[in-house]
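Remarks on the structure that follows.
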Amino acid sequence: ETFAKSDVVVIALPRASDVESVLEGGLNALKPGSLLIDTTTVSTDFAQRVGELALKHKVLAVDAPMSGGQPRAISGKLTFMVGGSSRAFEAAKPI
């Protein structure tokens, strides 16, 4: 339900298998042109598969694993390494 009501969805999960579980139904619910930002630390191959799957659903996707741990999160100074298409990257910038 949350996916269907959202133009932007940000997920931060512990494992790639959790991402798969969430996206199984979630991608079907997202409107075309929506933006998916996955901050989970996953392999490059997995991130590419998520991007391809999102593309099939006409959803923009960026892989944006975060670094810094709890201390940097509390201070608002996390670092994100962002990958995706130019269009998806531009859509994610304001977020």
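Keep in mind the model is a prediction, meaning the values are calculated, not measured.
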Looking only at heavy atoms, what is the nearest atom pair of [X] and [Y], with distance?
X	Y	value
S67	M81	CB-CE, 3.9 Å
A54	A61	CB-CB, 3.6 Å
A88	L35	O-CD1, 4.0 Å
A91	L60	CB-CD1, 4.0 Å
P71	G68	CD-O, 4.1 Å
V62	G84	CG1-CA, 4.4 Å

Does one hydrophobic cluster hold both [X] and [Y], with members joined at side-chain heavy-atom distances below 4.5 Å?
X	Y	answer
F46	V22	yes
F80	V19	no
M66	I95	yes
L13	L36	yes
V42	L53	yes

- K58, NZ atom: more than 12 neighbouring heavy atoms under 6.0 Å: no

- Using the salt bridge (charged side-chain N to carboxylate O under 4.0 Å, His left out) rule, take R87 and E90 through it: C-alpha gap first, then chi angles, then the decisive distance, then the call. CA-CA 5 Å; R87 186 171 169 220; E90 290 301 319; over 6 Å; no

Measuring from [X]:[atom1] to [Y]:[atom2], what's the distance to the nearest 0.5 Å?
X	Y	atom1	atom2	answer
I11	I37	CD1	CD1	10.0 Å
D63	F89	CG	CZ	12.5 Å
L23	D38	CG	CG	7.0 Å
Q70	L78	CD	CG	10.5 Å
K5	K31	NZ	NZ	11.0 Å

- Query: Is any side-chain heavy atom of D18 closer than 4.5 Å to a side-chain heavy atom of T40?
  - Reply: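 No, too far: nothing below the 4.5 Å cut-off.
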
- Item | Passing candidate, side-chain contact (heavy atoms from CB on, under 4.5 Å) with V59, options N28, L30, V9 | L30

